[in-house]
Chemist: 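Can you keep this structure in mind? I'll have questions shortly.
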Amino acid sequence: MTEISQRYRTIHCGRIGESDIDRKIKVSGWIHSVRDHGGIIFIDLRDFSGLVQVVIDPKMSFYQSLENWRLETVVCFNGTIIARTKETVNSKLSTGAIELVAEDMEVLGESEVLPFQIAKDDCAPEHLRLKYRFLDLRREKLRNNIFLRGNVISEIRDKMRQLGFFEFQTPILTSSSPEGARDYLVPSRIHPGKFYALPQAPQQFKQLLMVAGFDRYFQIAPCFRDEDARADRSPGEFYQLDVEMSFVTQDDVFQAMEELMTHLFKKFSTKKVTATPFPRISYREAMLKYGCDKPDLRNPLTIIDVSKIFENSAFNAFSGVVKKGGVVRAVKVPGISAQPRKFFDDMVKFAQEVGSKGLGYIVFETEQLKSPIVKFLSETEIASIRTEAQISDGDVIFFVAEKEQKAAEIAGKVRTELATRLNLIEKDCFKFCWIVDFPMFELDPETNAIAFSHNPFSMPQGGMDSLVNKNPLDILAYQYDIVCNGIELSSGAIRNHRPEIMYKAFEICGYGKETVNNKFGGMINAFKFGAPPHGGIAPGVDRMVMLLADEPNIREVIAFPFNQQAQDLMMNAPSEVTEKQLRELHIKVEMPKKIHVQEPLKSKEPEQ
RNA sequence: GGAGGCGUAGCUCAAUUGGUUAGAGCGCUGCCCUGUCACGGCAGAGGUUGCGGGUUCGAGCCCCGUCGCUUCCGCCA
């Protein structure tokens with residue numbers, strides 16, 4: 001250490017150990033807690049590295065001035081490290097075997113009364129924690145999350161380099177893209193009436209780097225989308241591990257990502273990680289078996305289709321739906337026939353809450369069947385259910401009958417709810433899977449027109465041949481998602497790098513060449529000058545850290561997050577700007593009609 | 001944009017379901033305490049029950065409006 005750095009400390013709080021006994025040291029940090037015995041005073045002093053106990057004897061000259069300090073005051077202590085007596089060792093503290101006997105002290109930064117406690121979790125409301133984020137970040141949990149985040153990111157960089165990837169930066173001020181989420185716009189001063197957009201993702205740039213011949217790209221990329229928040233979605237901005245590779249097939253991308261994910265999740269967690277290769281589940285199969293395209297494989301329950309059994313059933317609630325083109329889906333739960341009536345009533349209520357007309361069920365007890373619907377079913381039908389669902393005594397099966405998409409969705413929610421209520425979710429593991437074979441096109445439910453179902457840049461499976469010869473709705477894309485514990489970490493795709501196939505795909509959706517040239521001119525033009533086959537993926541860094549930190553909310557792994565209304569309560573963003581700034585940008589603000597007029601101060605008008 | 005939930009001390013919550021002076025823990029202020037580590041003990045300050053209106057003999061509680069926070073839906077190529 002240089003002499004300059006010793007002005008404030010010769011060692012860090014959490015790194016003092018038994019080897020420092022009898023040494024004279026100097027430490028600086030925050031007063032974490034005070035235990036004042038009238039005579040002797042104990043202070044826990046905290047810095048980024050941890051806590052150390054400081055002992056202050058009443059004989060010390062600075063003893064009197066102690067009274068003015070509050071918790072979280074920043075102080076510097078000089079003193080000697082001594083071993084604690086056997087009875088006073090604190091095994092909960094990494095520095096619990098020693099303590100610092102203070103000989104001198106200096107106040108470096110005073111603190112006002114705190115809006116919430118640092119040392120104890122006092123369940124402060126989130127808006128306060130966000131307003132005083134610098135205090136919240138002093139707390140152990142958040143601090144650990146942020147350290148974890150930094151370590152994960154630096155490990156990603158090491159591993160990606162090792163896998164042959166090269167790190168790039170791409171522009172933050174770019175152009176507004178017609179597809180996707182709402183853009184954040186930045187007005188141009190030099191070009192009146194024109195706007196930059198912050199990138200929703202560096203999608204086109206990374207593809208252009210492939211065309212430029214860089215072969216393997218990665219970036220810890222900030223992405224900006226003006227969309228509303230969810231628990232796992234921070235509004236405004238978030239980070240992706242953006243990846244793109246040239247001369248690869250889908251399997252090459254999977255292999256690289258599996259190696260990275262396995263490495264990261266094993267390094268930063270003790271939980272079990274899915275063995276490679278991760279299971280690959282087609283979109284169709286996922287929708288059938290799990291009722292969603294991001295299945296939580298920790299949940300052992302699966303959904304089966306039993307429509308056939310009820311095609312000609314006397315039970316109209318089911319056969320009627322099937323005859324109209326709908327489906328009957330079933331979830332079997334083994335060994336829960338002893339659940340009380342209330343459990344089944346609650347499940348029916350739940351299904352109705354998520355939009356189902358009802359929830360049929362059959363309880364297979366050893367001697368008899370208990371069920372509100374069994375009286376409508378024939379012996380043959382019940383026998384078929386037994387075979388199809390491989391029923392044993394004690395099992396229960398639940399039924400949902402709706403149009404296909406709705407049935408899948410409701411059955412999926414019922415599957416999740418059953419596993420949650422019955423505590424069937426496997427613990428201490430990360431279950432990864434790939435969802436593959438997404439459809440290239442789908443019908444717009446409102447206009448009934450054919451539209452891209454994911455993104456227009458994916459290569460259709462079968463290439464031009466499929467586009468020309470197949471029913472568009474039957475064409476699959478080289479489009480995939482990676483899912484962990486029911487959280488979608490990322491979408492990715494093998495890109496469509498052939499201009500003629502791109503034009504054809506857009507044509508199927510009703511767009512001419514001009515539209516493609518206008519909307520994606522930069523990229524389509526580049527593809528005309530020798531583009532390599534390429535593909536990639538972009539896992540959400542925040543979501544990965546969230547899983548590793550075992551946090552249910554993404555804001556807990558971001559140092560300075562927006563609140564749900566996309567505001568930074570600490571920095572007061574967004575905020576109004578001066579007239580001069582607006583003038584320079586050629587901007588005139590027109591407030592929405594529904595303005596919140598500031599309430600006039602209460603003034604009692606004299607009665608007439 | 002839509003639906004639900006919440007709003008009481010600096011913070012977290014309570015108030016026997018409409019009934020006397022709105023309570024507790026943490027924090028804060030003062031005093032006591034020399035081995036604590038969630039130190040302990042005594043005393044004290046702190047409230048226009050988000051705001052506005054209404055019903056009622058009486059409103060923290062019921063009704064209407066409004067503002068704020070939050071979860072979900074829409075949205076997220």
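Here is the naming used below: chain letters follow the sequence lines, and residue numbers restart at 1 for every chain. These figures come from a predicted structure and were not determined experimentally.
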Chemist: Which stems, defined as runs of 3 or more consecutive Watson-Crick or G-U wobble pairs with both pairing distances under 3.5 Å, involve RNA chain B?
Modeler: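 The stems that RNA chain B takes part in, listed by first number, are B:1-7 with B:67-73, B:10-13 with B:23-26, B:28-32 with B:40-44, B:50-54 with B:62-66.
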Chemist: Could you state the CZ-C1' distance from A/F116 to B/C13, rounded to the nearest angstrom?
Modeler: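 Between C1' of B/C13 and CZ of A/F116: 18 Å.
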Chemist: What integer number of Å spans the C1' atoms of B/C69 and B/U12?
Modeler: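 Comparing C1' positions in B/C69 and B/U12 gives a spacing of 16 Å.
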Chemist: For B/C39, take OP1 and OP2 only and decide whether either is under 4.0 Å from a side-chain N or O of A/R35.
Modeler: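 Yes.
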Chemist: How do A/D57 and A/R225 order along RNA chain B: which one's closest nucleotide is nearer the 5' end?
Modeler: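 Counting from the 5' end, the first nearest nucleotide belongs to A/D57.
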Chemist: Quick one: which protein N/O atoms are closer than 3.5 Å to N/O atoms of nucleotides 69-72 of chain B? Pair and distance per line, please.
Modeler:
| residue | atom | partner | partner atom | Å |
| --- | --- | --- | --- | --- |
| B/U70 | OP2 | A/Q565 | NE2 | 3.0 |
| B/U71 | OP1 | A/R555 | NH2 | 3.1 |
| B/U71 | OP2 | A/Q564 | OE1 | 2.1 |

Chemist: Using the C1' atom in both, what is the distance from B/G68 to B/U8, to the nearest Å?
Modeler: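 It comes out at 15 Å once rounded to the nearest Å.
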Chemist: Please give, in whole Å, the distance from B/C76 P to A/I554 CD1?
Modeler: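 So the CD1-P distance, A/I554 to B/C76, works out to 18 Å.
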Chemist: Taking NE2 from A/H32 and P from B/C39, how many angstroms apart are they, rounded to a whole number?
Modeler: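 Rounded to the whole Å, the gap is 9 Å.
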Chemist: Once the angle between the rings of A/F438 and A/Y283 is folded into 0 to 90°, is it parallel (under 30°), tilted (30 to 60°) or perpendicular (over 60°)?
Modeler: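 Rings of A/F438 and A/Y283: tilted, as their planes differ by 30° to 60°.
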Chemist: Rounded to whole angstroms, how far apart are CD1 on A/I118 and C1' on B/C37?
Modeler: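 Value for this atom pair: 18 Å.
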Chemist: Give the rounded distance in Å between these two atoms: CG of A/D228 and P of B/G2.
Modeler: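 Interatomic distance, CG of A/D228 to P of B/G2: 13 Å.
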Chemist: Send over the distance from A/E87 CD to B/G35 P, rounded to a whole Å.
Modeler: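 To the nearest whole Å, that distance equals 12 Å.
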Chemist: Answer yes or no: is there an ion pair linking A/D44 with A/R35, defined by an N-O contact shorter than 4.0 Å?
Modeler: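 Salt bridge: yes.
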Chemist: Is it true that A/E227 and A/R225 have a side-chain N and a carboxylate O under 4.0 angstrom from each other?
Modeler: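 Result for this pair is no, no salt bridge flagged.
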Chemist: Within the sub-3.5 Å range, which N or O atoms of nucleotides 27-29 of chain B have a protein N or O partner, and how far apart are they?
Modeler:
| residue | atom | partner | partner atom | Å |
| --- | --- | --- | --- | --- |
| B/G27 | OP1 | A/K120 | NZ | 3.3 |
| B/U29 | OP1 | A/R70 | NE | 3.4 |
| B/U29 | OP1 | A/R70 | NH2 | 3.4 |

Chemist: Please state whether the base of B/C11 and the side chain of A/R129 form at least one donor-acceptor pair under 3.5 Å?
Modeler: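 No, no donor-acceptor pair under 3.5 Å.
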Chemist: Between A/K141 and A/E551 (salt bridge meaning N to carboxylate O under 4.0 Å), is one present in this structure?
Modeler: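 Answer for the salt bridge query: yes.
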Chemist: For B/U17, measure the glycosidic angle (O4'-C1'-N9-C4 for a purine, O4'-C1'-N1-C2 for a pyrimidine) and name it syn if it falls within 90° of 0, otherwise anti.
Modeler: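 What B/U17 shows is a syn base, its glycosidic angle lying within 90° of 0.
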Chemist: Show, in sequence, the C-alpha distance, side-chain angles and deciding distance for A/E409 and A/Q405, and conclude whether the side-chain hydrogen bond (donor to acceptor under 3.5 Å, both in side chains) test is met.
Modeler: CA-CA 6 Å; A/E409 195 184 305; A/Q405 202 184 336; 5.2 Å; no
Chemist: Going by the angle between their ring planes, with limits at 30° and 60°, are A/F48 and A/H12 parallel, tilted or perpendicular?
Modeler: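 The rings of A/F48 and A/H12 stand perpendicular, inter-plane angle above 60°.
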Chemist: Taking the six-membered ring for Trp and the full ring for Phe, Tyr or His, determine whether the centres of A/Y503 and A/Y511 are under 6.0 Å apart.
Modeler: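 No - the distance between ring centres of A/Y503 and A/Y511 does not fall below the 6.0 Å cut-off.
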Chemist: Would you say the side chain of A/K294 lies within less than 4.5 Å of the side chain of A/I487, judging by non-hydrogen atoms?
Modeler: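 Heavy-atom side-chain distance check fails, nothing below 4.5 Å.
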Chemist: Please tabulate, for the side chains in residues 95-102 of chain A, all donor-acceptor contacts under 3.5 angstrom to protein atoms that are two or more places apart in sequence or on a different chain.
Modeler:
| residue | atom | partner | partner atom | Å |
| --- | --- | --- | --- | --- |
| A/T95 | OG1 | A/L51 | O | 2.6 |
| A/E99 | OE1 | A/Q53 | NE2 | 3.0 |

Chemist: Does OP1 or OP2 of B/U34 have a side-chain N or O of A/K59 closer than 4.0 Å?
Modeler: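 No, because none of the side-chain N or O atoms of A/K59 sits under 4.0 Å from OP1 or OP2 of B/U34.
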Chemist: What distance, rounded to whole Å, do you find between the two C1' atoms, one in B/G60 and one in B/A14?
Modeler: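 After rounding to an integer number of Å, I get 12 Å for this pair.
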Chemist: Can you tell me if A/N299 uses its side chain to pair, donor with acceptor, with the backbone of A/R415 under 3.5 Å?
Modeler: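 Confirmed, A/N299 side chain pairs with A/R415 backbone.
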Chemist: Pick the C1' atom in B/G10 and in B/G27, then give their distance to the nearest Å.
Modeler: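 Per the computed distance, 7 Å lies between those C1' atoms.
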Chemist: Given A/S458 and A/Q479, is the side-chain hydrogen bond (donor to acceptor under 3.5 Å, both in side chains) satisfied, shown in steps?
Modeler: CA-CA 6 Å; A/S458 302; A/Q479 163 88 39; 2.7 Å; yes
Chemist: What side-chain donor-acceptor pairs closer than 3.5 Å can you find for residues 567-576 of chain A, not counting sequence neighbours?
Modeler:
| residue | atom | partner | partner atom | Å |
| --- | --- | --- | --- | --- |
| A/Q567 | OE1 | A/N563 | ND2 | 3.1 |
| A/D568 | OD1 | A/M570 | N | 2.9 |
| A/D568 | OD1 | A/M571 | N | 3.0 |

Chemist: Could you measure between the two C1' atoms, the one in B/A9 and the one in B/G44, and give it in whole Å?
Modeler: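 Taking atom C1' in both B/A9 and B/G44, they lie 14 Å apart.
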Chemist: Assess whether a salt bridge exists between A/R421 and A/E417, defined as any Lys/Arg side-chain N lying under 4.0 Å from an Asp/Glu carboxylate O.
Modeler: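 Here A/R421 pairs with A/E417 in a salt bridge, since their nearest N and O are under 4.0 Å apart.
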Chemist: Please report, rounded to the nearest Å, how far the P atom of B/C37 is from the CG atom of A/L93.
Modeler: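 From A/L93 CG to B/C37 P: 13 Å.
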Chemist: What do the steps show when you test A/S466 against A/Q461 for side-chain hydrogen bond (donor to acceptor under 3.5 Å, both in side chains), and what is the final call?
Modeler: CA-CA 7 Å; A/S466 295; A/Q461 294 185 20; over 6 Å; no
Chemist: Looking at A/K206 and A/E244, is there a salt bridge between them, counting it only when a charged N and a carboxylate O are closer than 4.0 Å?
Modeler: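 A/K206 and A/E244: salt-bridged.
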Chemist: Among B/C11, B/C75, B/U36, which nucleotide has an atom closest to any side-chain atom of A/R182?
Modeler: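 So the side chain of A/R182 is nearest to B/C75.
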Chemist: Say we look at B/U56 and B/G1: how far apart would their P atoms be, to the nearest angstrom?
Modeler: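 These two P atoms come out 37 Å apart once rounded.
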Chemist: Does a salt bridge link A/K357 with A/E402, judged by any charged N lying under 4.0 Å from a carboxylate O?
Modeler: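 Answer for the salt bridge query: yes.
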Chemist: Can you tell me, in whole Å, how much space there is between the C1' of B/G41 and that of B/G53?
Modeler: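 One C1' to the other, the span is 49 Å.
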Chemist: So which protein N/O to nucleotides 42-47 of chain B N/O distances come out below 3.5 Å?
Modeler:
none

Chemist: Roughly how many Å is it from CG in A/D36 to C1' in B/G30, rounded to a whole number?
Modeler: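 Distance, rounded to whole Å: 13 Å.
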Chemist: Please state the C1' separation for the pair B/G18 and B/U55 - nearest whole angstrom.
Modeler: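 It works out to 12 Å between them.
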